[in-house]
A.B. asks: 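Take a look at the following structure, please.
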Amino acid sequence: MNTVLISLASNTPDKLRQMNNAFAELQEMGLVAASSIYETVACGSIKSPNYLNAVVKIFTDTDHQELHDVLKTMEKAHGRTPESKLSGKIPLDIDIVVWNGEIIRPQDWKQDYFQTGLKELEQMT
């Protein structure tokens with residue numbers, strides 16, 4: 001069984017609906033715990049609207065590549081396109097940040113948008 005921490009974000013006008021729908025889909029995949037949904041200021045060079053973010057923990061028998069592929073398919077189903085990143089309008093960004101205790105996306109791990117949700121999850125356990 002794999003233990004996975006996943007970062008979620010959305011900054012489109014329907015961002016709360018996007019996040020709630022993503023939570024529902026992750027629930028079917030084995031969601032164990034989830035932070036609240038919280039707002040953060042966009043980071044990076046592209047001027048973007050504020051984001052809603054969350055961190056979730058799941059247990060899954062799925063291997064890393066398969067789960068990665070499922071999450072990227074979710075992004076596309078939520079309206080994510082290559083152009084959306086360029087424009088700074090992200091319907092859903094969902095990434096595996098920690099896989100079985102190993103930080104695999106250090107660029108996300110160190111950001112406040114991830115650490116805020118991680119601290120909430122740690123307080124739950």
Side-chain angles (χ1 to χ4, degrees):
M1 185 68 64
N2 299 300
T3 304
V4 187
L5 294 176
I6 297 172
S7 174
L8 292 94
S10 178
N11 73 349
T12 52
D14 63 343
K15 57 191 170 189
L16 184 57
R17 183 182 62 79
Q18 292 281 8
M19 295 291 284
N20 286 328
N21 288 344
F23 268 70
E25 292 171 59
L26 289 169
Q27 189 74 39
E28 294 175 15
M29 286 187 226
L31 180 111
V32 174
S35 72
S36 64
I37 296 173
Y38 48 91
E39 188 170 5
T40 63
V41 175
C43 57
S45 60
I46 298 174
K47 178 68 176 144
S48 300
N50 287 352
Y51 280 84
L52 289 183
N53 295 90
V55 176
V56 301
K57 180 179 188 177
I58 66 170
F59 294 133
T60 182
D61 288 327
T62 305
D63 68 36
H64 180 270
Q65 187 60 54
E66 184 180 350
L67 182 59
H68 171 81
D69 293 347
V70 166
L71 297 180
K72 295 306 153 188
T73 298
M74 276 179 64
E75 285 182 346
K76 289 177 187 167
H78 283 251
R80 180 86 184 254
T81 65
E83 295 78 28
S84 62
K85 179 143 180 135
L86 295 173
S87 70
K89 296 175 184 159
I90 310 296
L92 182 64
D93 184 31
I94 183 166
D95 294 300
I96 300 168
V97 178
V98 180
W99 182 266
N100 291 328
E102 179 185 349
I103 299 168
I104 60 170
R105 289 186 60 93
Q107 69 273 25
D108 289 327
W109 171 265
K110 66 183 178 181
Q111 298 293 331
D112 287 341
Y113 63 75
F114 185 79
Q115 287 297 315
T116 297
L118 179 63
K119 287 175 184 165
E120 282 187 29
L121 286 180
E122 288 172 344
Q123 292 173 354
M124 293 177 196
T125 57

A.B. asks: Checking the side chain of Tyr38 only, and the main-chain atoms of Leu52 only, is there a donor and an acceptor separated by less than 3.5 Å?
C.D. replies: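 Checking the backbone N and O of Leu52 against the side chain of Tyr38, no donor-acceptor pair under 3.5 Å is found.
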A.B. asks: How many angstroms lie between atom CD of Glu66 and atom CG of Asp61, to the nearest 0.5 angstrom?
C.D. replies: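 It comes to 10.0 Å.
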A.B. asks: If you measure from the Lys or Arg side-chain nitrogens to the Asp or Glu carboxylate oxygens, is any gap between Lys72 and Asp95 under 4.0 Å?
C.D. replies: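 So Lys72 pairs with Asp95 through a salt bridge.
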A.B. asks: In terms of hydrophobic clusters joined by side-chain contacts under 4.5 Å, are Val32 and Met74 together?
C.D. replies: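 Different hydrophobic clusters.
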A.B. asks: Using the side chain to side chain contact (heavy atoms under 4.5 Å, CB included) rule, take Ile37 and Asn20 through it: C-alpha gap first, then chi angles, then the decisive distance, then the call.
C.D. replies: CA-CA 9 Å; Ile37 296 173; Asn20 286 328; 3.7 Å; yes
A.B. asks: Decide whether Tyr51 and Asp93 meet the rule of one side-chain donor and one side-chain acceptor closer than 3.5 Å.
C.D. replies: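 Absent: no donor and acceptor within the cut-off.
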A.B. asks: Less than 4.5 Å apart, any side-chain heavy atom of Gln65 and any of Asp63?
C.D. replies: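 Gln65 reaches Asp63 side chain to side chain.
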A.B. asks: May I ask you to decide if Asn50's main-chain N or O and Lys15's side chain share a donor-acceptor pair within less than 3.5 Å?
C.D. replies: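 Side chain of Lys15 to backbone of Asn50, a donor-acceptor pair under 3.5 Å: yes, one is there.
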A.B. asks: Verify side chain to side chain contact (heavy atoms under 4.5 Å, CB included) between Val4 and Phe59, making sure each step is shown before the conclusion.
C.D. replies: CA-CA 6 Å; Val4 187; Phe59 294 133; over 6 Å; no
A.B. asks: Flag yes if Met124 and Val56 sit in one hydrophobic cluster, no otherwise; membership is Ile, Leu, Val, Met, Phe, Trp, Tyr, and two members link when side-chain heavy atoms are under 4.5 Å apart.
C.D. replies: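 The answer is no; the residues belong to distinct hydrophobic clusters.
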A.B. asks: Same cluster or not: are Ile6 and Leu121 linked, directly or through other Ile, Leu, Val, Met, Phe, Trp or Tyr residues, by side-chain heavy atoms under 4.5 angstrom apart?
C.D. replies: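 Ile6 does not cluster with Leu121.
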A.B. asks: Where do Val70 and Met29 land on the side chain to side chain contact (heavy atoms under 4.5 Å, CB included) test, with the steps shown first?
C.D. replies: CA-CA 10 Å; Val70 166; Met29 286 187 226; 3.5 Å; yes
A.B. asks: Looking at Asn11 and Ile90, would you say the former's side chain and the latter's main chain have a donor-acceptor pair under 3.5 Å?
C.D. replies: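 Yes, because the side chain of Asn11 sits within donor-acceptor range (under 3.5 Å) of the backbone of Ile90.
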A.B. asks: Is there a donor-acceptor contact under 3.5 Å from the side chain of Arg80 to the main chain of Pro91?
C.D. replies: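 Not at all, since once roles are kept as given, no pair shorter than 3.5 Å links the two residues.
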A.B. asks: Quick one: does Leu71's side chain get under 4.5 Å of Leu26's, heavy atoms only?
C.D. replies: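 Side chain of Leu71 against side chain of Leu26, heavy atoms only: contact under 4.5 Å found.
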A.B. asks: Just by modelled atom types, is the Thr81 backbone N or O under 3.5 Å from a matching donor or acceptor in the Ser84 side chain?
C.D. replies: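 Here the side-chain-to-backbone pair exists.
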A.B. asks: Do the side-chain N and O atoms of Asn53 and Thr40 include a donor-acceptor pair separated by under 3.5 angstrom?
C.D. replies: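 Side-chain D/A pair, Asn53 to Thr40: present.
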A.B. asks: Hey, does the side chain of Ser35 reach the backbone of Val55 with a donor-acceptor pair shorter than 3.5 angstrom?
C.D. replies: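 Present.
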A.B. asks: Indicate whether the side chain of Ser36 and that of Glu120 have a donor and an acceptor atom separated by less than 3.5 Å.
C.D. replies: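 Side-chain D/A pair, Ser36 to Glu120: present.
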A.B. asks: Which label fits Trp99 and His64: parallel for a plane angle under 30°, tilted from 30 to 60°, or perpendicular past 60°?
C.D. replies: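 If you compare the ring of Trp99 with that of His64, the planes turn out perpendicular.
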A.B. asks: Judged by atom type as modelled, is there a donor-acceptor pair below 3.5 Å linking the side chain of Gln115 to the main-chain atoms of Lys110?
C.D. replies: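 Side chain of Gln115 to backbone of Lys110, a donor-acceptor pair under 3.5 Å: no, none is there.
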A.B. asks: Would a hydrophobic clustering, with Ile, Leu, Val, Met, Phe, Trp and Tyr connected at side-chain separations under 4.5 Å, put Leu31 with Leu118?
C.D. replies: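 No; tracing contacts between hydrophobic side chains, which count when under 4.5 Å, never links both residues.
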A.B. asks: Can you get from Tyr113 to Leu5 by hopping between Ile, Leu, Val, Met, Phe, Trp and Tyr side chains that sit under 4.5 Å apart?
C.D. replies: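 Looking at the clustering, Leu5 is in the same group as Tyr113.
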A.B. asks: Do His78 and Ile94 come close enough that some side-chain heavy atom pair is under 4.5 Å?
C.D. replies: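 SC-SC contact between His78 and Ile94 ruled out.
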A.B. asks: Decide yes or no on side chain to side chain contact (heavy atoms under 4.5 Å, CB included) for Arg105 and Ile96, but give the supporting numbers first.
C.D. replies: CA-CA 7 Å; Arg105 289 186 60 93; Ile96 300 168; 5.7 Å; no
A.B. asks: Tell me, which pairs form a salt bridge (Lys or Arg N to Asp or Glu O under 4.0 Å) where one or both residues lie in residues 17-43, sequence neighbours left out?
C.D. replies: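 Matches after skipping sequence neighbours: Asp14-Arg17.
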A.B. asks: At their closest point, which heavy atom of Pro49 faces which heavy atom of Gly88, and how far apart are they?
C.D. replies: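 Closest pair (atom of Pro49, atom of Gly88, distance): CD-O, 3.9 Å.
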A.B. asks: Give, for atom OG1 of Thr62 and atom CG of Leu67, the distance between the pair rounded to the nearest 0.5 Å.
C.D. replies: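 That separation rounds to 6.0 Å.
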